[in-house]
Every structure is written in C-alpha cells, then in structure tokens.
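The basis for the numbers below is simple: all heavy atoms, side chains too, and nothing from hydrogens, waters or symmetry mates.
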Amino acid sequence: SPIEGTKPTSPKMQANVPRRLNPADYLIMDPAEMDHSVLMMDEWNFLDEDDVEIFVLPGARQPKRELPKQVVKIEIDGNGLNLPSYGCMELTRMLHGVSKKLKLISIRNVQDSSPEYLALLLSICNNAKLAKFENCLYGDHNFGCLSASLLQQNGLKGLDIYSTIVHDDGSGPISVRNASLLLDAIATSPCLERLQLSADFDDSNEVGRILLRSLRNNSRINDLDLEVAGSTLLPGIFKAAITDMKVRRLKLQLIESQNASVNDLAEAVCDADCSLRELNIQGDMTNWSFESANGLVANKNQSVKDLVLTNTGLSAPQLVSVINLFESLVSLDLATNNMSDLSVLDPLLLGEGSVQSLCLRNNDIHDSDMETFATKLPRIEGLKNLELQGNPFVKSDTFDMSVLEEAFWRNTSIERVTFFYEGECKFTKNDLAYVLNRCGRGKLQNQALPAKLWPLVLHRAQSISLVPFKDKWGQPNVRIRPHALKVEATYWLLREKALDSLGFHV
C-alpha cells in the first residue's frame, strides 16, 4: 500500500507516474500544512518540475508511521515562519527510524529556536550525507546544535550554508562568536568532505582569519565553495585550500575586489604536489597585481582540468596571464569578461593545447572579431564544444554567417557550437557539420579507412541525434525530423570522403 512506500495502484495515479520512475525521490514539506498533511497520507501525488521528479505527500486521514524507504531527499521550506512543533517532532521521529542516511536534506527560510526545531536540526545532521541550510540558522542555539553534530564520528559528509537571517530580530549578519563556534567544529570534523559557505558576517576580516585557521586544520575537505568578502583574504585562502588542504575543487565568489596577485595563485597551483582539478573564480579581480606574471610560465600546473574565470573585470592579456599557469586544461570558461580580441587565445587553441570545451558567452565579440576568429577555426584541433551566445555578433544584421559556416565545415573536431540561448535557436544547415564530426569525419580525413569498417561508420552516422527528442517540459520536439537528419548526415559523410579521394576538397 502507499502507506508502506510502495507504488500507487489506482488507475488514476498510475497514469500520472512517469514510466522511468520508482516512488519517492523527494519529500517536500509545507509548514503551512505540516501538522495535518505532510506526515500523513493516503495517496501519492506526482509532479514534474524542470525534469526533476518531485513527490509531494498530500493531506490524508491515516497517520504515517515511518519514512518511505524510497525517499532519499527531503526539502523543507518554512517561508520565514516557525515550523509547527508537531511537524518537527514527527519528522524527527521518522528520521530516527531510517536504516541508512539520506542523500540530501535541505531546510530554508525558517526562524525558529524551539527545542523541537533544535532536535530536528540534530536529526537532520545525523541522518543525511549532505545538509543544506538557507536562512534558517537562527540564534546561538542553532549554531551550537549544528557545531556539535559536526563532531560526531559518523556525521555529515557535506555542509552547505547560505545565511543572512540569524539574529533574534530576524535580520543581520552572523556574529563572530557563532561563526567561530561553527568554524572550530568544521576544523575538527572527522567526516566533512564538502563545505559551501556563503553568508554575511559581523566582521568579515576577523571571521576570515578564523576561517583560514579552520581550513588549515582540516585536511579531509576536498570540495570547497566560499564567498569571499574580506579584501585581504585571497592569498591565505589559496595557500590554505590548495597547498595545505589539497582540495580537488575550489570555487571562490569574490564579493569585493581582492588585494592579491597572480603570484599568490601561482605559488599554490604550480606546486608539484598540487591535487586541484577544478578552479572556479567568479567576481572582481581588478585589484590583482600582474607585475611578475611573465616569469611564471616555467613551472605550469598539471592537475587542473577545469578553469572558470567569469565576471572578473580583467583585460584579455591579464586573463591569459592566469590561464598560462595551467598546462592541461580540458574545459575553460571565460564568460562575462568583456572580451573582444580572441587572438590572445591563439597559443592555447592553435598550439598543442588540450582544451576541448571553451565558453565565451556574454562577452563583447563583434562582427570583425568573429570574422578573424573564423579564419583560424579550420586549424584548431581538439576543441569539441564552443559557446558563443550573448555576444553582439550573434544578433548583428551585418554579420555574414556564411563565413562561420565555411570555417566549421573545414573543422573536423568541433561537435557542438552554441550561438543562441534556449528558445532562440533554429536549425541551420551549418549544424550538419557538427553531426559529421560526431560521426567520425576527422578519422576519415586523417587516415585510410579499411573497407570492413564502413558498416561501423554508417551505423554511427545513423545513431546520431542532433537535438533532444523532448524539451524541458518532457514534450516531443518536432522542430527537426531526426530520421531526415540521419539520412542527410550519412549522405554528406560519404560524399565528402568520396570527393576527397578523387582529389576534390570540400
């Protein structure tokens, strides 16, 4: 029965269940009805929102005595109110009865410090692998409970905190005392591997110093996401996170311009023992010093594969000074940097670089800039994904798109190019070049193909799909007929090879 967490059996409910789904992935808590509905049920309702299956437990007359085994994620939204004490106690009791930890429990917009709510906080931390708290750490008792739970041997592996409402009056930043209590617990947590901290503090610089001390004392965290407000913290964060902690993923959101230099970053990432694989820096870097940048390329980083530098305010040469610290990049995101001259990327794209994905969206690339870049496209090898949406040339009435079409036809590695945001794009004949590349066009041009491999090539061509069969609402996408595209791709693949073998270059 549904009470025991099994699939619904009524015909009406079966009709609403997507074919690929099993019961509950999400359990959504609505505090306005928590006393009477959330923890009681006599049927399942299924909703589909942005391709994520969300399961809601509606009102019912029969009490629910245990959490369904299929529930792996719980989201609670208090809408800025206290949670009903009965609901807190019931959910706490249900969480105590789970046999294994849930993947995620998220709670947000709650102003509460009642004993029932504090017990729920402890239960969440004890029964979730990842806990997310958004505007719900309200007062000293909340931080005390959370800090205590982090010290347990079988505690949280991931902790995400976004907080701006913490004082008794419902407003204001986190006090230094509570921040120190939390960060000291993070420093000695035996289980924590992921930390995301985005919050307002009474004294950002003082909390920053406590944060650096905490990071240096915890070598288990390998995924770190920080919002950096103090103007002098960045050099210390680089050393603590990359050199001392040896994190594998570091994301920094710069709230204000930082007094740092490219040397500070180089000393951390160019160390031979660096294990960082993803570096993401978002925000104002205009106060960085680049005086010694040219002398840093001798010892390049080998571990970082994904680099994100967005909305930095840096000039193109300054961006390149940072990029030059890394030798093995696979993915590079330079969105929203006001870039126009793409020639600064020539050494990266035309050399022996390893970049496979390049994002240049929301920059300042005009007609002439893209025309120059197009002349180099046929010589770029290895690049598979290129994002150009949001640039002036895309919607320019004077830009000659045929220049790009010719360039992409002569490039055998690029498989996907994005000119428009979703909903703006229409299929063009130029997209056929990317289909051919995904079919293996480069292999055909670079080496002789044995006759026995032609069936495999044709099979791959027939299996390529240019666009998703469904849109984000799950409806069939009838914009392009996939069968026609497969036939056309096969024809052009054979035609191009045949003409090339006869001495005609297409």
Side-chain angles (χ1 to χ4, degrees), residues 125 130-133 137 143 146-153 155-163 173-256 258-261 263-283 285 288 301 303-304 306 308:
C125 294
L130 170 61
K132 293 186 177 182
F133 299 100
L137 297 177
F143 281 94
L146 177 57
S147 300
S149 67
L150 289 172
L151 302 178
Q152 299 186 46
Q153 289 298 323
L156 288 169
K157 289 185 176 296
L159 175 63
D160 292 2
I161 296 178
Y162 174 85
S163 187
I174 298 176
S175 67
V176 174
R177 173 187 174 185
N178 284 331
S180 178
L181 184 65
L182 175 64
L183 292 173
D184 286 344
I186 290 173
T188 55
S189 172
C191 302
L192 199 63
E193 298 176 358
R194 160 181 165 162
L195 174 62
Q196 177 178 341
L197 185 58
S198 176
D200 297 330
F201 298 100
D202 271 340
D203 187 338
S204 296
N205 289 319
E206 177 61 25
V207 172
R209 285 189 285 271
I210 301 173
L211 172 64
L212 293 178
R213 183 186 66 201
S214 173
L215 295 180
R216 294 190 187 101
N217 292 328
N218 189 322
S219 60
R220 290 165 295 279
I221 295 177
N222 55 53
D223 187 339
L224 187 59
D225 186 336
L226 298 176
E227 186 178 89
V228 184
S231 60
T232 61
L233 295 178
L234 207 52
I237 290 177
F238 286 148
K239 184 179 186 305
I242 302 175
T243 305
D244 299 335
M245 298 173 63
K246 299 191 181 303
V247 298
R248 294 177 63 84
R249 177 183 178 272
L250 177 61
K251 180 179 179 181
L252 301 173
Q253 303 178 63
L254 310 183
I255 303 304
E256 57 185 88
Q258 300 289 310
N259 296 322
S261 75
N263 285 324
D264 298 323
L265 178 59
E267 289 177 3
V269 300
C270 294
D271 185 275
D273 295 328
C274 178
S275 58
L276 188 68
R277 292 188 61 85
E278 179 182 342
L279 177 61
N280 186 326
I281 303 179
Q282 303 178 13
M285 296 170 60
W288 279 41
N301 174 278
S303 64
V304 174
D306 300 328
V308 178

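- Distance alone, capped at 3.5 Å, places no donor-acceptor pair between the R216 side chain and the D244 backbone.
- Distance check: E256 CD to S204 OG gives 7.0 Å after rounding to the nearest 0.5 Å.
- No hydrogens or angles considered: a donor-acceptor pair under 3.5 Å links the side chains of N280 and Q282.
- Between the CG atom of L192 and the CZ atom of R220 there is a distance of 8.5 Å, given to the nearest 0.5 Å.
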**Request:** Begin from the C-alpha positions of L150 and L156 and carry the test side chain to side chain contact (heavy atoms under 4.5 Å, CB included) through to its verdict.
**Result:** CA-CA 6 Å; L150 289 172; L156 288 169; 4.2 Å; yes
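- No donor-acceptor pair under 3.5 Å is formed between the side chain of S147 and the backbone N or O of A185.
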**Message:** Checking R194 against D160 for the salt bridge (charged side-chain N to carboxylate O under 4.0 Å, His left out) test, could you report, in this order, the C-alpha distance in whole Å, the side-chain angles of both residues, the deciding distance, and whether it holds?
**Reply:** CA-CA 8 Å; R194 160 181 165 162; D160 292 2; 2.5 Å; yes
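- Salt bridge absent: D223 and R248 never bring a charged side-chain N and a carboxylate O closer than 4.0 Å.
- A donor-acceptor pair is defined here as one N or O able to donate and one able to accept, closer than 3.5 Å; such a pair exists between the side chain of S149 and the backbone of L146.
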**side chain to side chain contact (heavy atoms under 4.5 Å, CB included) assessment of V247 paired with L215** = CA-CA 10 Å; V247 298; L215 295 180; over 6 Å; no
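- E227 meets the salt bridge (charged side-chain N to carboxylate O under 4.0 Å, His left out) test with no other residue; sequence neighbours excluded.
- Taking the salt bridge (charged side-chain N to carboxylate O under 4.0 Å, His left out) definition, one finds that R213 meets it with D184, sequence neighbours left out.
- Between the CG atom of L183 and the CZ atom of R209 there is a distance of 13.0 Å, given to the nearest 0.5 Å.
- The salt bridge (Lys or Arg N to Asp or Glu O under 4.0 Å) contacts involving residues 264-275 comprise nothing, where partners must be two or more places apart or lie in separate chains.
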**Request:** Take L226 and L211, measure what side chain to side chain contact (heavy atoms under 4.5 Å, CB included) needs, and give me the verdict at the end.
**Result:** CA-CA 10 Å; L226 298 176; L211 172 64; 4.0 Å; yes
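- The CD1 atom of I174 sits 7.5 Å away from the CG atom of L182 when rounded to the nearest 0.5 Å.
- In this structure, CG on N301 lies 8.5 Å from CD1 on I242, to the nearest 0.5 angstrom.
- The CZ atom of R249 lies 10.5 Å from the CG atom of L279; values are rounded to the nearest 0.5 Å.
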